[in-house]
Amino acid sequence: MIVLAPVLAASWQADIAYAIPPSVMEPYRAYMAAIESDELASATTHAEAAYQAGVAARIDAGTLAALAENRAQIYYDLEDYAAAAPAWDDLHALAPDTDTLALAAAAYLLAGDRASAAARARSLQVSSSSLSEDLRFFTGYIIAVHEGPGQYLAQTGNQIRGGDDHAPAILRQILLEGDRAVRSRQRERVILLSGLATGVARGTGMDEAVTGHLASWYHSALNGLRNRRALQESLETSHLVKLLLRQGYFPGVPQGEAGISDESLIERFPPQYPVRASERGLEGYTVLRFEVGTDGQPENIEVVFATPDGNTFIRESVRALERWRYTPPVEDGEPFRRECVETTFSFFLDN
């Protein structure tokens, strides 16, 4: 949404004592007219002209900050991030604010300048002794992108949770918070955190298998959610969600559960919901990797991701998978062993 300048609008309409120079008011009026006509390219030109005229005329800092905000926001909304990034810097210099600095960091990252983005993320961490959780995740993500894009080698969600040296620390923090949300039965928060984990994994260049595990967790948690208001509010107010959405990394529409569409699967048994977990209202999700032997039976089953951490849902997942049967794999008339097959099990109660 384009941000208009209430300070200038009020002074223009009410004709208060402070006189804004015509050199500023003329491009500002043109900017307002272009906004009302939805001519955003023209509005950008006029917003820039009004701001530069304000700088030249040395108008008061409050009015100049309003012009600077219009200028930065319209560049950002039109995805001209190379122009938006220094424009947010200009606004922050006039009116230092946590949100403005966060927007500058996001714009630099979106413009491809990871070093400048990380510098502003670190400034955010230093400038506030009590960052919100969202800004803590946001700044950690930007710094992780700067420090190691494409260098993270973990191949399973469990490796990340376990503190694997080749995974970004911020992703581990999000997963641990996700586990806590699962245990406290906060469905909307589970969805938010699993979505953040997926986006951060994609944005930091994690292995595709990892991003697939996390995305499936998000999709499973999202299915069946009836009350989306709290979730929507979280998504709309999160700096990290908004950045990941602009990057195209936040997960979208839920997909089907892995394994069901496999035409070679001829017998599938769902897992039993653990009685104690059901009584406690506890939900969970598992990803299993396995081989299909020459007789069509799953073998060498490995748990590559599970939440919450521990054996709550793992035992029933493995028991169910052991009963599955596949058409024995054959190639050129010879039986062979299928490797690296994956499937997921969702344990979610009606809510």
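Note that this is a predicted model, so its numbers are computed, not measured.
Using a cutoff of 4.0 Å between basic side-chain nitrogens and carboxylate oxygens, Glu322 and Arg319 are not scored as salt-bridged. Using a 4.0 Å cut-off between charged nitrogen and carboxylate oxygen, Asp90 and Arg71 count as a salt-bridge pair. We find that Glu177 and Arg180 are joined by a salt bridge, their nearest charged nitrogen and carboxylate oxygen being less than 4.0 Å apart.
In this structure, CG on Leu78 lies 4.5 Å from OG1 on Thr44, to the nearest 0.5 angstrom. A distance of 8.5 Å separates CZ of Arg323 from CD of Glu267, quoted to the nearest 0.5 Å. Here Tyr141 contributes atom OH and Ile174 contributes atom CD1; the two are 10.0 Å apart, rounded to the nearest 0.5 Å. Remark: Asp80 CG to Ile74 CD1 distance equals 10.5 Å, nearest 0.5 Å.
Side chains of Ser220 and Ser346: a donor on one and an acceptor on the other come within 3.5 Å. For the residue pair Ser184 / Gln186, a side-chain donor-acceptor distance below 3.5 Å is found, with atom types taken as modelled. Between Asp89 and Tyr108, the side chains place a donor N or O and an acceptor N or O closer than 3.5 Å (distance only, hydrogens not considered). Side-chain contact, Arg268 with Thr343: no donor N or O sits under 3.5 Å from an acceptor N or O.
By the ring pair (Phe, Tyr, Trp, His ring centres under 6.0 Å) test, His92 is found to be paired with no residue, residues two or more places apart in sequence or in another chain being considered. With sequence neighbours excluded, the residues forming a salt bridge (Lys or Arg N to Asp or Glu O under 4.0 Å) with Arg122 are Glu147, listed by chain and number.
Contact detail for Asp113 and Ser116: the closest heavy-atom pair is OD2-OG, 2.7 Å. Minimum interatomic distance between Leu321 and Pro298 (heavy atoms only, all atoms of both residues): O-CG, 3.2 Å. The heavy-atom pair separating Thr312 from Ala277 by the smallest distance is CG2-CB, 4.0 Å.
At least one test fails for Arg202 against the ring of Tyr249: distance under 6.0 Å to the centre or angle within 45° of the axis. Judged by the 6.0 Å distance and 45° axis criteria, Arg246 is positioned over the aromatic ring of Tyr76.
Using the six-membered ring where Trp is involved, Tyr273 and Phe313 have ring planes that are perpendicular, over 60° apart on the 30 and 60° scheme. By the 30° and 60° cut-offs, the orientation of the rings of Tyr326 relative to Phe290 is tilted.
Under a hydrophobic-cluster definition in which Ile, Leu, Val, Met, Phe, Trp and Tyr are linked whenever side-chain heavy atoms come within less than 4.5 Å, directly or via other members, Phe345 and Leu349 are assigned to the same cluster.
Residues in residues 173-210 take part in no ring pair (Phe, Tyr, Trp, His ring centres under 6.0 Å) pair, two or more places apart or across chains.
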Candidate pair Glu291 and Arg338, rule side-chain contact (heavy atoms from CB on, under 4.5 Å), full reasoning: CA-CA 5 Å; Glu291 299 174 1; Arg338 286 179 62 190; over 6 Å; no
His213 vs Glu342, side chain to side chain donor-acceptor pair (under 3.5 Å): CA-CA, chis, key distance, verdict: CA-CA 10 Å; His213 300 161; Glu342 289 190 358; 3.0 Å; yes
